[in-house]
S.K.: 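Pasting a structure below so you can have a look.
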Amino acid sequence: MGSKPFKIRAANDTQKYGVAAQDLNDLIAKGCKVLKVPIKGCKICLQQDGTLINSREFFQALPPLSVLVFLRKGEKWTGDDFGKMILSLLEAPEDPVRKQQLTESLEGMIAKESSPERVHALNLYLQSLPDNIDAETREEDPDWFEGLEKRYKTKSQVMACSAQGRIRGYYSKTKEYVSNLEDPVAKIILKRVLENFRPCLKNNGYHGDYFRRTAKPKKRLCTQAGWFVCHGPYNTKTCQDKHMINPYSSRQKRAVFSTWNLDHRVEKSRTILPSMQQAAVSCPKGKQLNWEYFYELLFTTDNLKLVEISCHKKEAHKGYECDEKKYYTSK
DNA sequence: GTATTGTCACCAGCTCGCTT
DNA sequence: AAGCGAGCTGGTGACAATAC
């Protein structure tokens, strides 16, 4: 069997080296030598997305000249994601060593190659510098509150209300749909579902935490500093363009953030509501509608993606249907 | 007084059918 | 065939009335 060429690098250095290897062990041996990475505890992954190369099959499946990252024991690689890198940079001011590392590798990347992504990354980095992210109250950053009602005292409060408003909108659209139903039986059943939604929404604070940076990490969609990353179009795993924004940083950014959308993967009007209707119409005796399932689809990040406007695809989300197996629960 | 709620006007993108 | 616009979809924020 012949050998296959690769480009390899270490996690902390963007300098790449060429190496050819016959199999996984050969690759580890040669790579570790070139990169001066200790063989013990070393792991290899794809630079692109961090997938670990840990089997012979995987090694054979790799296309020639794949870019691989050699990880020292304990090191991690989450993919060639500039957005994430900048995020860690912005989130780590209290750790000067880490910050220095990140800044250097970022600048190294930008200096060595000037692909659109790198220019984009640089722009993000520069844009992120002169602002007022840390300010939280009206007193600290009055300009941010320009044009907002007097009752708002903090940025987190404003952002939380914004998220709540969006969730409320989904609820009232659902309510409107139900009240327009012809079939009286379906109407009654779905009104009961709405009655179940209410306390649950209230209990969850209408999911205002999605946008509240002061919320618990698991609840919020942003970082502690208020950075949001685009989740990408409904039918992709991630955002190819690495959109990010911090609406807490300035009034302008707050305005731009309002063009970001919470996108229902399984669509509300085209799919969820008609499916609820269908489920109600053909509800078997002794069963009741699984309102929690529909709640998740309508109001939670199980089905909602936060997307920048260009990642908000308006076409019908073909292939994204409700799961009929989850329509009912036993009484 | 603030929090909740519904209403309203608004924007952008897709599809379809009509006109040119 | 291309262009236009209505009417649908996906969303948004402002604001006034109501509840607490």
Side-chain angles (χ1 to χ4, degrees), chain A residues 137-139 143-181 190-191 193-212 214-215 221-222 226 228 230-236 239 241 243 245-248 250-277 294-295 297-322:
Chain A
T137 65
R138 203 176 197 116
E139 288 76 42
D143 181 67
W144 193 91
F145 290 83
E146 191 70 35
L148 291 175
E149 292 175 43
K150 289 252 184 339
R151 64 190 175 92
Y152 295 118
K153 302 279 190 283
T154 66
K155 293 181 181 178
S156 293
Q157 186 192 10
V158 174
M159 294 304 297
C161 278
S162 161
Q164 288 175 330
R166 298 183 187 201
I167 298 298
R168 275 181 218 288
Y170 306 148
Y171 176 77
S172 65
K173 277 276 159 62
T174 306
K175 196 175 168 186
E176 188 187 322
Y177 184 87
V178 171
S179 71
N180 287 336
L181 284 178
L190 290 182
K191 280 200 167 165
V193 170
L194 285 172
E195 288 311 307
N196 284 312
F197 283 171
R198 283 299 279 276
C200 196
L201 282 166
K202 199 154 196 173
N203 199 28
N204 288 319
Y206 283 86
H207 299 282
D209 284 345
Y210 287 162
F211 293 173
R212 194 202 316 266
T214 50
L221 289 172
C222 60
F228 292 84
C230 174
H231 296 168
Y234 70 93
N235 53 0
T236 67
C239 169
D241 299 323
H243 297 124
I245 191 168
N246 190 332
Y248 289 84
S250 69
R251 179 160 48 89
Q252 288 77 8
K253 289 286 156 60
R254 168 165 70 75
V256 173
F257 184 73
S258 72
T259 68
W260 286 50
N261 292 308
L262 285 168
D263 189 16
H264 287 89
R265 261 180 293 237
V266 180
E267 293 175 288
K268 170 168 53 65
S269 302
R270 286 198 183 98
T271 310
I272 304 175
L273 296 179
S275 295
M276 282 173 70
Q277 181 182 3
F294 292 109
Y295 181 95
L297 289 175
L298 286 166
F299 307 117
T300 76
T301 44
D302 288 1
N303 189 44
L304 286 169
K305 277 187 132 183
L306 179 69
V307 295
E308 200 263 357
I309 190 159
S310 66
C311 285
H312 185 209
K313 306 300 178 200
K314 307 285 182 76
E315 74 255 22
H317 295 188
K318 228 177 158 189
Y320 288 75
E321 306 293 336
C322 298

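The sequence lines fix the lettering, A, B, ..., with proteins before strands; numbering per chain opens at 1. It should be emphasised that the depicted structure is a prediction, and the values quoted were computed from it without experimental measurement.
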S.K.: Would you mind listing every salt bridge (Lys or Arg N to Asp or Glu O under 4.0 Å) that reaches into residues 256-272 of chain A, with sequence neighbours excluded?
M.R.: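 Output for this query lists A/E267-A/R270.
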
S.K.: For A/N246, enumerate each residue passing the side chain to side chain contact (heavy atoms under 4.5 Å, CB included) test, keeping only those at least two apart in sequence or located in another chain.
M.R.: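 Expected list: A/I133, A/W227, A/Y248, A/S249.
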
S.K.: Scan residues 198-206 of chain A against DNA chain B and write down, sorted by residue number, each residue with any heavy atom closer than 4.0 Å; if none is found, say none.
M.R.: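 A/R198, A/Y206 - these, ordered by number, are the residues of the stretch whose heavy atoms sit under 4.0 Å from the strand.
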
S.K.: Report yes if some heavy atom in the side chain of A/I245 is under 4.5 Å from a heavy atom in the side chain of A/E308; otherwise report no.
M.R.: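 Side chain of A/I245 against side chain of A/E308, heavy atoms only: no contact under 4.5 Å found.
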
S.K.: Could you tell me which residues satisfy side-chain hydrogen bond (donor to acceptor under 3.5 Å, both in side chains) with A/Q157, sequence neighbours excluded, listed by chain and number?
M.R.: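 A/Q157: no side-chain hydrogen bond (donor to acceptor under 3.5 Å, both in side chains) contacts found.
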
S.K.: Can you build the contact string for nucleotides 15-20 of chain C? Use B for base contact, S for sugar-phosphate-only contact, and - for no protein heavy atom under 4.0 Å.
M.R.: B-----

S.K.: Establish, yes or no, whether a centroid distance under 6.0 Å links the rings of A/Y171 and A/Y206.
M.R.: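 Ring-ring flag for A/Y171/A/Y206: false, centres at least 6.0 Å apart.
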
S.K.: Show me the donor-acceptor pairs within less than 3.5 Å that the side chains of residues 254-262 of chain A make with the rest of the protein, sequence neighbours left out.
M.R.:
{"from": "A/R254", "atom 1": "NE", "to": "A/W144", "atom 2": "O", "distance (Å)": "3.1"}
{"from": "A/R254", "atom 1": "NH2", "to": "A/W144", "atom 2": "O", "distance (Å)": "2.8"}
{"from": "A/R254", "atom 1": "NH2", "to": "A/E146", "atom 2": "O", "distance (Å)": "3.2"}
{"from": "A/S258", "atom 1": "OG", "to": "A/A255", "atom 2": "O", "distance (Å)": "2.6"}
{"from": "A/T259", "atom 1": "OG1", "to": "A/V256", "atom 2": "O", "distance (Å)": "2.6"}
{"from": "A/N261", "atom 1": "ND2", "to": "A/H312", "atom 2": "ND1", "distance (Å)": "2.8"}

S.K.: Check side-chain hydrogen bond (donor to acceptor under 3.5 Å, both in side chains) between A/Y295 and all other residues, then give those that pass, not counting sequence neighbours.
M.R.: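 Result, side-chain hydrogen bond (donor to acceptor under 3.5 Å, both in side chains) vs A/Y295: A/N204, A/H207.
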
S.K.: Can you name the residues that form a salt bridge (charged side-chain N to carboxylate O under 4.0 Å, His left out) with A/R251, not counting sequence neighbours?
M.R.: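 Applying salt bridge (charged side-chain N to carboxylate O under 4.0 Å, His left out) to A/R251 gives A/D143.
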
S.K.: Enumerate all atom pairs, one protein N or O and one N or O from nucleotides 7-10 of chain C, separated by less than 3.5 Å.
M.R.:
{"from": "C/dG10", "atom 1": "OP1", "to": "A/S269", "atom 2": "N", "distance (Å)": "2.9"}
{"from": "C/dG10", "atom 1": "OP1", "to": "A/S269", "atom 2": "OG", "distance (Å)": "3.3"}
{"from": "C/dG10", "atom 1": "OP1", "to": "A/R270", "atom 2": "N", "distance (Å)": "3.1"}
{"from": "C/dG10", "atom 1": "OP2", "to": "A/S269", "atom 2": "OG", "distance (Å)": "2.4"}

S.K.: What is the 5' to 3' range of DNA chain B, first to last nucleotide, that sits under 4.0 Å from any heavy atom of chain A?
M.R.: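 Going 5' to 3' along DNA chain B, contacts run B/dT2 to B/dC14.
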
S.K.: Which residue pairs pass the salt bridge (Lys or Arg N to Asp or Glu O under 4.0 Å) test when at least one of the two sits in residues 201-210 of chain A, sequence neighbours left out?
M.R.: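 Passing the test, one end in residues 201-210 of chain A: A/D209-A/R212.
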
S.K.: Please work out which residues in residues 152-171 of chain A have a non-hydrogen atom less than 4.0 Å from an atom of DNA chain B and list them by number.
M.R.: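 Those residues whose heavy atoms fall under 4.0 Å from DNA chain B, taken from residues 152-171 of chain A in numerical order, are A/K153, A/Q157, A/R168.
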
S.K.: Begin from the C-alpha positions of A/Y210 and A/Q164 and carry the test side chain to side chain contact (heavy atoms under 4.5 Å, CB included) through to its verdict.
M.R.: CA-CA 9 Å; A/Y210 287 162; A/Q164 288 175 330; over 6 Å; no

S.K.: List the steps, then state whether side chain to side chain contact (heavy atoms under 4.5 Å, CB included) holds for A/Y177 with A/T174.
M.R.: CA-CA 5 Å; A/Y177 184 87; A/T174 306; 5.6 Å; no

S.K.: Take A/T154 and A/T214 through the test side chain to side chain contact (heavy atoms under 4.5 Å, CB included) and record every step on the way to the result.
M.R.: CA-CA 11 Å; A/T154 66; A/T214 50; over 6 Å; no

S.K.: Which value, rounded to the nearest 0.5 Å, describes the distance between A/M159 atom CE and A/L221 atom CG?
M.R.: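 Separation between the atoms: 10.0 Å.
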
S.K.: Would you say the side-chain atoms of A/K305 pair up with the backbone N or O of A/P233, donor to acceptor, closer than 3.5 Å?
M.R.: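 Side chain of A/K305 to backbone of A/P233: a pair is present.
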
S.K.: Quick one: are A/L306 and A/F211 in side-chain contact, heavy atoms under 4.5 Å?
M.R.: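 Contact flag for A/L306/A/F211 side chains = yes.
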
